[in-house]
Amino acid sequence: MTSGFGRIGLIVPCDLTLDAEYPRYLPVEATVHLTRTGFHPGDLDLDFILGVSSPSEIAYATRSLTKIAPGVISFACTSGSFVLGLEGEMRIRRLMEDAGAELAQTTSGALLDALAVLGVERIGLGTPYTEPVGARLGSFLTEAGYHVTGVVNMELHDVIGPVADDAVIDLARRAAGGRPDAVFLACTGVPTLDLITPLEADLEMPVLTANQVTMWAALGSIGMRSPLVSQRLLRAGWRSHRG
């Protein structure tokens with residue numbers, strides 16, 4: 001294990017409301033510590049996403065976490081880490097390392113690790129985003145070498161209000177319509193933790209979600225695993241497949 005003694009640092013966007021979901025992934029010996037990017041007004045559009053993922057904001061947030069010496073710091077924002085493609089995701093990790101992170105991760109990078117570990121080649125996507133944002137996620141995964149069987153967008157302009165379980169279940173089923181190897185439900189603002197296991201049974205395939213892949217990769221990188229072994233991904237050991 002690295003020197004963080006089970007501490008995980010998360011940088012989250014200013015509009016996150018699911019802070020309480022992250023600790024539920026943890027074993028008793030681990031802790032999670034959140035900091036937010038600065039305030040940005042407006043809807044969940046490309047301008048907002050580029051704002052919360054700006055280099056200056058990520059660097060400042062990273063430095064604010066280094067005082068407690070977490071073993072890993074993750075930028076827990078799906079759209080902010082895929083919006084500029086693979087090169088943009090790598091730049092975010094390098095930026096965080098330069099700002100003092102012992103190990104840097106992102107949600108979209110964790111997704112790539114999860115797909116590799118599970119042997120997924122065809123992925124169906126369900127997002128709360130509008131089409132221009134959802135299309136960026138599809139392009140990110142295509143650039144990484146995956147076949148995207150379809151992108152289903154809920155066309156929400158924010159995810160600050162609660163997203164009903166029935167809506168998430170419907171989104172997952174629609175994303176599975178192209179017969180992928182797995183489904184990914186994007187956005188750290190969409191509540192999914194209690195739905196993953198029943199959805200995997202219903203769809204008969206792995207169901208990956210933003211907060212799940214974030215915490216799986218963060219825990220794995222410091223030599224730990226989540227106790228939630230009913231989820232297919234969380235039974236798998238983490239390893240990074242990227243530089």
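If you read the sequence from its start, that first residue is 1, and numbering goes on from there. Just so you know, these numbers come straight off a predicted model, no measurement behind them.
- In this structure, Ile58 CD1 and Ile73 CD1 are separated by 12.0 Å, a value rounded to the nearest 0.5 Å.
- Side-chain contact between Val159 and Tyr129 is absent, with no heavy-atom pair separated by less than 4.5 Å.
- The side-chain heavy atoms of Arg91 and Arg94, taken from C-beta on, include no pair separated by under 4.5 Å.
- Between Thr127 and Asn153, the side chains place a donor N or O and an acceptor N or O closer than 3.5 Å (distance only, hydrogens not considered).
- Considering CD of Glu200 and CD of Gln231, their distance stands at 6.5 Å, rounded to 0.5 Å.
- Under the 4.5 Å side-chain criterion, counting only non-hydrogen atoms from C-beta, Ser221 is in contact with Trp238.
- The shortest non-hydrogen separation linking Ile123 to Ala182 is CD1-O, 3.2 Å.
- Side-chain contact check for Leu219 versus Arg225: every heavy-atom pair is 4.5 Å or farther apart.
- In summary, the side chains of Thr78 and Thr107 do not present any donor paired with an acceptor at a separation below 3.5 Å, with no hydrogens or angles considered.
- When all heavy atoms of Val83 and Arg136 are compared, the closest pair comes out as O-NH1, 2.7 Å.
- Between the Glu57 side chain and the Val52 main chain, no donor and acceptor come within less than 3.5 Å of each other.
- Side-chain contact between His40 and Asp47 is absent, with no heavy atoms from C-beta onward closer than 4.5 Å.
- In terms of heavy-atom proximity, Glu29 sits nearest to Met224 at CG-CE, 3.6 Å.
- Distance CG/Leu199 to CZ/Arg173: 7.0 Å, rounded to 0.5 Å.
- The environment of CD in Glu155 is crowded: more than 12 heavy-atom neighbours from other residues, nucleotides or ligands sit within 6.0 Å.
- Side-chain atoms of Glu143 come within 3.5 Å of backbone N or O of Leu86 as a donor-acceptor pair.
- Residues Leu193 and Gln212 are not in side-chain contact: their nearest non-hydrogen atoms beyond the backbone lie 4.5 Å or more apart.
- The CD1 atom of Ile49 sits 10.0 Å away from atom OG of Ser81, with the distance rounded to the nearest 0.5 Å.
- The main-chain N or O of Gly178 is found under 3.5 Å from a side-chain atom of Arg122 such that the two form a donor-acceptor pair.
- The main-chain N or O of Val229 is found under 3.5 Å from a side-chain atom of Arg235 such that the two form a donor-acceptor pair.
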Evaluate Tyr60 against Ile11 for side chain to side chain contact (heavy atoms under 4.5 Å, CB included), listing each step before the verdict. CA-CA 10 Å; Tyr60 181 88; Ile11 300 168; over 6 Å; no
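- What you find for Thr149 and Ala175 is that their closest heavy atoms are OG1-O, 4.4 Å.
- Panel note: side chain Asp158, backbone Leu44; no donor-acceptor pair is recorded below 3.5 Å.
- Taking 4.5 Å as the limit, some side-chain heavy atom of Ile8 sits within range of a side-chain heavy atom of Val72.
- To the nearest 0.5 Å, atoms CH2 (Trp216) and CG (Asp113) are separated by 5.5 Å.
- Heavy-atom minimum distance, Pro70 versus Gly9: CB-N, 3.7 Å.
- Checked by atom type and distance alone, the side chain of Thr106 never pairs as donor or acceptor with a backbone atom of Phe75 at under 3.5 Å.
- Heavy-atom minimum distance, Leu228 versus Arg24: CD1-O, 3.6 Å.
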Given side chain to side chain contact (heavy atoms under 4.5 Å, CB included), test Leu208 with Leu115 step by step and report yes or no. CA-CA 9 Å; Leu208 308 176; Leu115 295 175; 3.7 Å; yes
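- Counting only distance, with no hydrogens or angles, the side chain of Glu21 and the backbone of Asn211 share no donor-acceptor pair below 3.5 Å.
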Do Asp15 and Phe48 pass the side chain to side chain contact (heavy atoms under 4.5 Å, CB included) test, and can you show the C-alpha distance, the side-chain angles, and the key distance before you say yes or no? CA-CA 10 Å; Asp15 62 343; Phe48 177 88; 3.7 Å; yes
Using the side chain to side chain contact (heavy atoms under 4.5 Å, CB included) rule, take Thr188 and Tyr22 through it: C-alpha gap first, then chi angles, then the decisive distance, then the call. CA-CA 10 Å; Thr188 54; Tyr22 293 108; 3.5 Å; yes
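- Between Thr192 and Val168 there is a side-chain heavy-atom pair separated by less than 4.5 Å.
- Here the OG-CG distance, from Ser79 to Leu84, works out to 10.5 Å after rounding to the nearest 0.5 Å.
- Taking 4.0 Å as the cut-off between side-chain N and carboxylate O, Arg93 and Glu89 count as a salt-bridged pair.
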